[in-house]
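A quick write-up on the structure given underneath.
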2 protein chains.
Amino acid sequence: MKNRLKVLRAERDLTQAQLADLLNVSRQTINAIEKGKFDPSLPLAFKAARLFGLSIEDIFEDEVVE
Amino acid sequence: MKNRLKVLRAERDLTQAQLADLLNVSRQTINAIEKGKFDPSLPLAFKAARLFGLSIEDIFEDEVVE
DNA sequence: TCTTTATGTCAAGTAAGCTTTACTTAAAGA
DNA sequence: TCTTTAAGTAAAGCTTACTTGACATAAAGA
């Protein structure tokens, strides 16, 4: 699943570590999500959406499977 | 995390098993999510939103942790 | 050059999402 | 009463999300 975290971070001048702190996850988790290694949990997606003042759909892009 | 799956199902006259099929998960998964046993993954939340023609935020309600 | 900061990655472990199988209960119809 | 259907639940196992700790690299500044 694609996401706009890197850009949203850049717009706010946040490092991966700072974003991780704000979302109460590890830096490695942010890195892995940005790199597409895995998808965030739904609660984490909600947290990120709230933090950035956006909807989940604005941040994460679902690829339609079929 | 609260959700409106049961009501959305009822509005469309779907059983848990039918919804499970439509979302490609097991009936037990739907039951567990409806009963609040665990949260769906983000991909599953996207699927449900697409199926019902709603946003994730319309279906799942995040409780603000702090 | 030396140090610091940000990012990337890996390995091992825990926790949560999800599966299959199976049993139980309640409601409704024949 | 017997059967069927929907819902609830539980155990065991697999997969994925996430953790901590560690190491590597590149860029930038003193």
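Just so we're on the same page: letters track the sequence lines, and every chain starts at 1. Below, all heavy atoms of this structure are taken into account, side chains as well, without hydrogens, waters or symmetry copies. A quick note: this is a predicted structure, and the numbers were derived from the prediction, not measured.
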What pairs with B/N3 under side-chain hydrogen bond (donor to acceptor under 3.5 Å, both in side chains), at least two apart in sequence or on another chain? none
Per-nucleotide protein contact string for nucleotides 17-29 of chain C (B base, S sugar-phosphate only, - none; heavy atom under 4.0 Å): SBBBBB-------
Considering the terminal five base pairs at each end of the helix from C/dT1-D/dA30 to C/dA30-D/dT1, what angle separates the two local helix axes, rounded to 10°? 20°
In short, salt bridge (Lys or Arg N to Asp or Glu O under 4.0 Å) pairs touching residues 12-24 of chain B with sequence neighbours left out are none
pair A/L19-A/L8: side-chain heavy atoms closer than 4.5 Å: no
Heavy-atom nearest pair, B/D62 first then B/M1, reads OD1-CE, 3.8 Å
Heavy atoms within less than 4.0 Å of DNA chain C: which residues of residues 3-14 of chain B have one? Give them sorted by number. none
Between B/F46 and A/F60, what is the shortest heavy-atom contact and its length? CZ-O, 3.3 Å
List in chain and number order the residues that pass side-chain hydrogen bond (donor to acceptor under 3.5 Å, both in side chains) with A/S55, two or more places apart in sequence or in another chain; answer none if no residue qualifies. A/D58
Note: B/E57 and A/I56 closest approach over all heavy atoms is OE2-N, 2.7 Å
Pairs involving residues 36-45 of chain A, ordered by first then second residue, that meet side chain to side chain donor-acceptor pair (under 3.5 Å) (sequence neighbours left out): none
Please list, by residue number, the residues of residues 15-22 of chain B whose heavy atoms come closer than 4.0 Å to an atom of DNA chain C; answer none if no residue qualifies. none
With a 4.5 Å cut-off on side-chain heavy-atom distances among I, L, V, M, F, W and Y, is there a chain of contacts connecting B/L14 to B/V7? no
How would you list, by chain and number, every residue that makes a salt bridge (charged side-chain N to carboxylate O under 4.0 Å, His left out) with B/R9, sequence neighbours excluded? B/E34
Note: B/A49 and B/I59 closest approach over all heavy atoms is CA-CD1, 3.6 Å
Of the non-hydrogen atoms in B/K47 and B/N24, which two are nearest, and what is the gap between them? NZ-ND2, 3.1 Å
Verify the contact: side-chain N or O of A/N31 to OP1 or OP2 of C/dG8, cut-off strictly under 4.0 Å; return yes or no. yes
